[in-house]
Undergrad: 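Have a look at this one before I ask anything.
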Amino acid sequence: SGPPDQLNLKTDNDMGVREEWHNKTWIYEIKGEVSKTSESEIDVKTTFDPEIFFNILLPPIIFHAGYAMKKKYFFRNIGSIFTFAFIGTAVSTFTVGGFMYGVTSMVPHLRNITFIDNLHFGALISATDPVTVLAIFNDLNVDVNLYALVFGESVLNDAVAICFVEALKDFEENVSGGCTTLIGCEYNAWHLVKAILDFFGIFSASFLVGSLMGCITALLTKFTQIQQHPLLESTLFVLMSYSTFLLAEVFELTGIVAVLFCGITQAHYTYNNLSQESKQSTKSFFDLLNFMAENFIFSYIGV
């Protein structure tokens, strides 16, 4: 019903093909329709690139959310936060997706949009950003538990929504395994169960990767003499934190979830092992990086 996300081209052992290209498969990603054949250089540079957004701009923001978190009240309310993040996001996703499916079913030109497409939209809309609410809470000095609930839910909410999208993609691939179009395929109970298992598998594995990388950094800073070299110590801290995101992506998990829990683990364990100079420099560095990334994203999307 539309262009594929990727195109696989395989080269054979033909005489006209160079020897180093024999039996190779080339994967091409479909970026979208080319609206203008002669785009200017500035048009190309200002076109929104998801790779830059997800791999460079987003990880520092998510890490900072975990690293700057007030741990005491977050862990005290962890049960409520997880309930809001998991069940609340699921209810929101299916409510919005179901409503939009009803709307698209009534419009003749939109009937080719499937229920899964609407669930993708529901997951996207469910990832709310309560920056303004938290700023008002801060000015009004509201109850710390209420602040922790809203902040903790908003942090995990993004991660859960991304895991929903990954699980929905896996669900589509499982259903359409032997079909030419998704619309002509049959859904069954096994596909639903596998999608649920995929969701919890992706989230749990990403959580483990992030926590383990944070613990490894904590052990390195505790049982070595790296505190005597604050610059090296801070550099190791930053590189290990970003490596968590890359490692999760290599394992086809969710880097955002991994880097979030890495930030929480680093703040809980590694921070106390750092030298005084590294404590100050890493905190200031991630504050600055978070502020710059957020403002650049607003400008980038606006342009």
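The figures here come from the full heavy-atom set of this structure, side chains too, leaving out hydrogens, waters and symmetry mates.
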Undergrad: State whether a side-chain donor-acceptor pair under 3.5 Å links Thr254 with Glu166.
TA: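 No donor-acceptor contact under 3.5 Å links the two side chains.
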
Undergrad: Please tell me whether Thr221 and Gln227 have a donor and an acceptor in their side chains that are separated by less than 3.5 angstrom.
TA: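 No, no side-chain donor-acceptor contact under 3.5 Å.
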
Undergrad: Look up atom CG in Asn272 and atom CG in Leu274, then write down how far apart they are to the nearest 0.5 Å.
TA: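 Atom-to-atom, Asn272:CG and Leu274:CG are 8.5 Å apart.
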
Undergrad: Please indicate whether Phe286 has more than 12 foreign heavy atoms, meaning atoms of other residues, nucleotides or ligands, lying under 6.0 Å from its CZ.
TA: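 It does: Phe286 CZ has more than 12 such atoms within range.
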
Undergrad: With a 3.5 Å cut-off and no angle check, do the side chains of Thr114 and Asp117 form a donor-acceptor pair?
TA: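 Yes, Asp117 and Thr114 have a side-chain donor paired with an acceptor closer than 3.5 Å.
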
Undergrad: Using the ring centroid of each side chain, check whether Phe203 and Phe86 are separated by less than 6.0 Å.
TA: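 Close enough - the centres of the two rings lie under 6.0 Å apart.
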
Undergrad: Considering non-hydrogen atoms only, spot the tightest contact between Ser211 and Phe261 and give its length.
TA: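 Heavy atoms of Ser211 and Phe261 come nearest at OG-CB, 4.2 Å.
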
Undergrad: Nearest 0.5 angstrom please: Asn273 CG to Thr224 OG1, how far?
TA: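 Going from CG on Asn273 over to OG1 on Thr224, the span is 9.0 Å.
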
Undergrad: About how many Å separate CG of Leu253 and CD1 of Ile162, when rounded to the nearest 0.5 Å?
TA: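 Reported to 0.5 Å precision, the distance equals 13.0 Å.
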
Undergrad: Any link between Val165 and Leu197 through a network of hydrophobic side chains (Ile, Leu, Val, Met, Phe, Trp, Tyr) touching at under 4.5 Å?
TA: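 Each belongs to a different hydrophobic cluster.
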
Undergrad: Are Phe171 and Lys194 close enough that some pair of their side-chain heavy atoms sits under 4.5 Å apart?
TA: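 No, too far: nothing below the 4.5 Å cut-off.
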
Undergrad: Look up atom CD1 in Ile202 and atom CD in Glu252, then write down how far apart they are to the nearest 0.5 Å.
TA: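 The CD atom of Glu252 is 9.5 Å from CD1 of Ile202, to the nearest 0.5 Å.
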
Undergrad: Any side-chain donor paired with an acceptor under 3.5 Å for Ser278 and Ser234?
TA: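 The answer is yes; a qualifying pair exists.
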
Undergrad: Please report the closest heavy-atom contact between Ala293 and Leu57, naming both atoms and the distance.
TA: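 The pair with the smallest heavy-atom distance is CB-O, 3.6 Å.
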
Undergrad: Grab the two heavy atoms, one from Met213 and one from Met240, that are nearest each other, plus how far apart they are.
TA: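 Closest heavy-atom pair between Met213 and Met240: CE-O, 3.7 Å.
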
Undergrad: Surrounding CD of Gln6 (heavy atoms of other residues, nucleotides or ligands, distance under 6.0 Å), is the total greater than 12?
TA: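 Check passes, neighbour count above 12.
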
Undergrad: Assess whether atom CZ of Phe54 is packed by more than 12 heavy atoms of other residues, nucleotides or ligands within 6.0 Å.
TA: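 No.
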
Undergrad: Would you confirm whether Thr104, through its side chain, and Met100, through its main-chain N or O, come within 3.5 Å as a donor-acceptor pair?
TA: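 Yes; judged by distance alone, with no hydrogens or angles, the pair exists.
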
Undergrad: Does any non-hydrogen side-chain atom of Leu232 lie less than 4.5 Å from one of Leu236?
TA: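 No, every pair of side-chain atoms sits at 4.5 Å or beyond.
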
Undergrad: Starting from Tyr101, can I reach Val91 by hopping between I/L/V/M/F/W/Y residues whose side chains sit under 4.5 Å apart?
TA: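 No, no single cluster joins them.
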
Undergrad: For a side chain to side chain donor-acceptor pair (under 3.5 Å) check, start with the C-alpha distance between Thr25 and Asn8, then their side-chain angles and the critical distance, and finish with the verdict.
TA: CA-CA 6 Å; Thr25 301; Asn8 294 351; over 6 Å; no

Undergrad: What about Ile226 and Tyr269, same hydrophobic cluster or not, with Ile/Leu/Val/Met/Phe/Trp/Tyr joined at side-chain heavy-atom distances under 4.5 Å?
TA: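 Different clusters: Ile226 never reaches Tyr269 through Ile, Leu, Val, Met, Phe, Trp or Tyr contacts under 4.5 Å.
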
Undergrad: Within a strict 4.5 Å, meaning less than it, do heavy atoms of the Leu260 and Leu156 side chains meet?
TA: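 Sidechains of Leu156 and Leu260: in contact.
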
Undergrad: Taking the side chain as every heavy atom from C-beta outward, state whether Cys163 and Val257 have any pair of such atoms under 4.5 Å apart.
TA: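 Contact flag for Cys163/Val257 side chains = yes.
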
Undergrad: Within a radius of less than 6.0 Å around CG of Leu9, do more than 12 heavy atoms belonging to other residues, nucleotides or ligands occur?
TA: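 Correct, the count exceeds 12.
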
Undergrad: Find out if a path of hydrophobic residues (ILVMFWY) with successive side-chain heavy-atom gaps under 4.5 Å connects Leu208 to Leu219.
TA: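 In one cluster with Leu208: Leu219, no.
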
Undergrad: I'd like to know if the side chain of Thr11 reaches the main chain of Lys24, judged simply by a donor and an acceptor atom lying under 3.5 Å from each other, with no hydrogens or angles considered.
TA: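 Confirmed, Thr11 side chain pairs with Lys24 backbone.
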
Undergrad: What's the separation between atom CZ in Phe84 and atom OG1 in Thr89, rounded to the nearest 0.5 Å?
TA: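 Between atom CZ of Phe84 and atom OG1 of Thr89 there are 11.0 Å.
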
Undergrad: Of all heavy-atom pairs between Pro230 and Glu277, which one has the smallest distance, and what is that distance?
TA: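 Nearest heavy atoms, Pro230 then Glu277: CG-OE1, 3.6 Å.
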
Undergrad: Other members of the hydrophobic cluster containing Ile27, with the 4.5 Å side-chain heavy-atom rule, please.
TA: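 Other cluster members: none.
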
Undergrad: How far apart are the closest heavy atoms of Ala127 and Ala161, and which atoms are they?
TA: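 Smallest interatomic distance, heavy atoms only, reads CB-CB, 3.9 Å.
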
Undergrad: Quick one: does Ile61's side chain get under 4.5 Å of Ile297's, heavy atoms only?
TA: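 Yes, at least one pair of side-chain atoms sits under 4.5 Å.
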
Undergrad: Assess the pair His120 and Phe164: is the distance between their ring centroids shorter than 6.0 Å?
TA: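 Not under 6.0 Å, so no.
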
Undergrad: Which atom pair, heavy atoms only, marks the closest approach of Ser126 to Asn157?
TA: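 Nearest heavy atoms, Ser126 then Asn157: O-ND2, 2.9 Å.
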
Undergrad: Is any side-chain heavy atom of Leu110 closer than 4.5 Å to a side-chain heavy atom of Ile113?
TA: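 The answer is yes, as the side chains (C-beta and beyond) meet within the 4.5 Å cut-off.
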
Undergrad: Check whether more than 12 heavy atoms from other residues, nucleotides or ligands sit under 6.0 Å from atom OH of Tyr271, and answer yes or no.
TA: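 Above 12, so yes.
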
Undergrad: Between Tyr147 and Tyr73, is the ring centre distance below 6.0 Å?
TA: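 No; Tyr73 has its ring centre 6.0 Å or more from that of Tyr147.
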
Undergrad: Between His268 and Phe75, does the ring-ring contact (aromatic ring centres under 6.0 Å, His included) criterion hold? Intermediate values first, please.
TA: CA-CA 11 Å; His268 198 60; Phe75 288 111; 5.4 Å; yes

Undergrad: With a distance cut-off below 6.0 Å to the six-membered ring centre and an angular limit of 45° from the axis, does Lys283 pair with Tyr67 as a cation-pi contact?
TA: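 Judged by the rule (NZ or CZ under 6.0 Å from the ring centre, within 45° of its axis), Lys283 is not positioned above Tyr67.
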
Undergrad: Is Leu289 linked to Tyr242 within one hydrophobic cluster, defined over Ile, Leu, Val, Met, Phe, Trp and Tyr using a side-chain heavy-atom separation of less than 4.5 Å?
TA: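 Same cluster.
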
Undergrad: Any side-chain heavy-atom pair from Ser92 and Ile125 closer than 4.5 angstrom?
TA: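 They are not in contact (no side-chain heavy atoms under 4.5 Å apart), so the answer is no.
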
Undergrad: What distance do Gln266 atom CD and Thr244 atom OG1 have between them, rounded to the nearest 0.5 Å?
TA: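 Here the interatomic distance stands at 6.5 Å.
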
Undergrad: Below 4.5 Å, heavy atoms only, C-beta onward: do Ile256 and Phe245 meet side chain to side chain?
TA: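 Yes, their side chains come closer than 4.5 Å.
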
